[in-house]
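Single-structure report; data block below.
The sequence lines fix the lettering, A, B, ..., with proteins before strands; numbering per chain opens at 1. Remember, it's a predicted structure, so these values are computed and weren't measured experimentally. Values below: all heavy atoms of this structure, side chains included; hydrogens, waters and symmetry mates excluded.
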Amino acid sequence: MTNIQAELAAAFSKAIAAAFGPEAADADPQVKWAADARHGDLQANFAMGLGKRLGKAPREVADAVVAKLALGDLASKLEVAGPGFVNVTLAPAALARLVAELSADGRIGAARAARSERVVIDYSAPNVAKEMHVGHIRSTIIGDALARVLGFQGHEVLRRNHLGDWGTQFGMLVEHVRELGWKPGQKREIGDLNALYREAKARFDAESDFAERSRLRVVALQGGDEETVALWRELVEESKHHFAEVYETLGVLLDSGDYYGESFYNPMLGDVAAELERSGVATVSDGALCLFLPAFKGKDGSPVPLIVRKGDGGYGYDTTDLAAIRHRIRDLKADRLVYVTGAPQKQHFAMIFEGARVAGWLSEGVRAEHVPFGSILGDDGKPFRTRAGESVRLQDLLAEALERAYAIVAAKSPDFPEEEKRAVARAVGIGAVKYADLSNDRIKDYVFDWDRMLAFEGNTAPYLQNAYVRVMSIFRKAGVEHASVLGQAPSVDAPEEHALARHLLAFGDVVEQVARSLEPHRLCTWLYELAASFHHFYEKCPVMTAPDETVKRGRLALCAAVAEGLERGLSLLGIATVKRM
RNA sequence: GCGUUCGUAGCUCAGCUGGAUAGAGCGACGGACUUCGAAUCCGUAGGUCGCAGGUUCGACUCCUGUCGGACGCACCA
């Protein structure tokens, strides 16, 4: 499959070298998709910069390059405009051929990565014994989309769900359930783990002797005491069932094979500390083993360390994260490490990465990236909470999404069988929640608004799903399977057809952008523009009543490519499509 | 105090590694259904891109300063 942007860039580079010799050959041709249809399909913006460098007028430079340009039959029009932009309009035959190719290759023309990397992606990370709430939703949804996109590119994606399943709070929790009479291996209905946690916490704060027993219980847990460990394990297992339900509802890739909680790294902590101490990278300060990083300063201007080993001999999250990064680089041999956690943890991960570099684990050839995201706000601009001021349980949120979507489907399509109503409600409701989260630039906070995310207007999942439904409706009407016309030449003569075809060609570039920037909203923007462009076509270019059979076949072929684009694009975001709704 | 991050139309947001006259949706106003799904589409009005400098042929984009919001800064994740 040809990437038209890359192809043009190569042709321009050649022409630049031919026109101005080797000293100009390194100039970036700056081939981009034209933002405005009046400027053709793609534009090359090298002339202004190169003209400056060569001391020539930009338009002269552009003319000279265009004279050397060999595009074969790709372009129907080349023009030098404005200060020296070179506008390229794709030839109909070439455009039709390219769209036919991409509709049939199963990838909408997106290339597989030149080199398959092993990517460890860390996301979701709920806490055991606490229910998942909105705080976990962004990491889960964004991480899932990134895992899908990177996997689609042909990378080997290792999902890591860094569960909060270890630490001092488990001393408290295990002690509490033990005192409630729990015995390992008993059959029991656990019910509300959250409530157990709250009870334990309340006792911990109120009863000093319980607090003391809890501290001893932590020691027992860390020391491997059989009964303590067994009870802890049961609590963890129970939580995993809860997580699995949420992931099932949400439709994300995470499964039980992806659980690598903090406890997984626990056995490595001592060795990590020993290694850092032995190599002299970490030093003792105030009784704690610390890894000081001069670039990170605290309130008083003195360096803030990573605490490798606490003063009491225990280990905190710094050590766990150091152990995890060492393990992922040294043992898993990852090429790329991706951490999808909230923006407040930005400095923490910058320190972990710097610490890993100082320790000699993270070196050139391995990329470590934190993928920060903002918080979810209510319509009052404050953190999204229930009216009672509590954090919203993820289960409740998803249940409401399904309920609201079901009400819409029931109202619009009352004749659908019950089962289909539910299936559509699931695709639309869950899709709306995911898309609302993914379609904004992730670094920004975003305002949670049911009505907006479930609307059929604007940049929403229902709008995109509906566009897909309309495409499929055409095929239903035509009595043609959309898959049967994939690979056929589309009609690209009308301006709306041309624009739609051109937009499809950019998919591969968009996927690459998402994989590089780890910003899924770029794919959302492409999808929204695809749907909008399809609607323009839909208004102006009837398929069933096309002027002749050739145009009709060409329009069906174009529709099939659009269907592929919508379906594939949404699936990379973890969002389902339905054939009617 | 230091650092990170955000500030684009009344509201919610795009604007790709600086590129042409800054784009959408909602809301407002005005249109389009015996015609492939009107669950949609088209048009009009609406912005000194927080502010001030700077770099550049060219700045919403980069740099400096400044104002406003959010967040972070040693043994909790």
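Scanning for side-chain hydrogen bond (donor to acceptor under 3.5 Å, both in side chains) contacts around A/T545 gives an empty result, with sequence neighbours left out. Every residue two or more places apart in sequence or in another chain that forms a ring-ring contact (aromatic ring centres under 6.0 Å, His included) with A/W526 is listed here: A/H503, A/F507. Take A/Y260 and apply the ring-ring contact (aromatic ring centres under 6.0 Å, His included) test, not counting sequence neighbours, and it matches A/F264. Scored by the side-chain hydrogen bond (donor to acceptor under 3.5 Å, both in side chains) test, A/S239 finds no partners at all (sequence neighbours excluded).
Judged by atom type and distance alone, A/T341 does not reach the base of B/A77 through any side-chain donor-acceptor pair under 3.5 Å. Taking only distance into account, the side chain of A/Q513 meets the base of B/C16 through a donor-acceptor pair shorter than 3.5 Å. Contact of A/Q43 with B/A20 (side chain to base): a donor-acceptor pair of N or O atoms is detected under 3.5 Å. Side-chain to base pairing of A/D300 with B/A74: no donor and acceptor N or O lie closer than 3.5 Å to each other.
Nucleotide B/U44 has B/A28 as its partner under the Watson-Crick or G-U criteria, with both atom distances under 3.5 Å. Using Watson-Crick or G-U wobble geometry with both donor-acceptor distances under 3.5 Å, B/G58 finds no partner in any strand shown. In this structure, B/C73 forms a base pair with B/G1, meeting either the Watson-Crick or the G-U wobble geometry with both donor-acceptor distances under 3.5 Å. Using N1 to N3 plus N6-O4 or O6-N4 for Watson-Crick, or N1-O2 and O6-N3 for G-U wobble, each under 3.5 Å, B/G7 pairs with B/C67. A 3.5 Å limit on both hydrogen-bonding distances identifies no Watson-Crick or G-U partner for B/U21.
Remark: of the listed residues A/Y265, A/Y259, A/Y317, A/Y265 is the sole one forming a ring pair (Phe, Tyr, Trp, His ring centres under 6.0 Å) with A/H162.
For B/C16, the base is anti relative to its sugar; the glycosidic angle deviates from 0 by more than 90°.
Between the side chain of A/D41 and the backbone N or O of A/T89 there is no donor-acceptor pair closer than 3.5 Å.
Among the nucleotides B/U5, B/U40, B/A74, the one closest to any side-chain atom of A/I307 is B/A74.
A heavy atom closer than 4.0 Å to some atom of RNA chain B occurs in A/D286, A/A288, A/C290, A/F292, these being the qualifying members of residues 286-296 of chain A.
At B/U17, none of the side-chain N or O atoms of A/K32 fall inside 4.0 Å of OP1 or OP2 (strictly under the cut-off).
Once rounded to the nearest 0.5 Å, the distance linking CE of A/M544 with NZ of A/K552 reads 4.0 Å.
Ring-base stacking between A/H39 and B/A20 is satisfied, the centre separation being under 5.5 Å and the plane angle under 30°.
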*asked:* Using a 4.0 Å heavy-atom cut-off to protein, can you give one letter per nucleotide of nucleotides 23-36 of chain B, 5' to 3': B if the base is in contact, S if only the sugar-phosphate is, - if neither?
replied: -SSS---------B

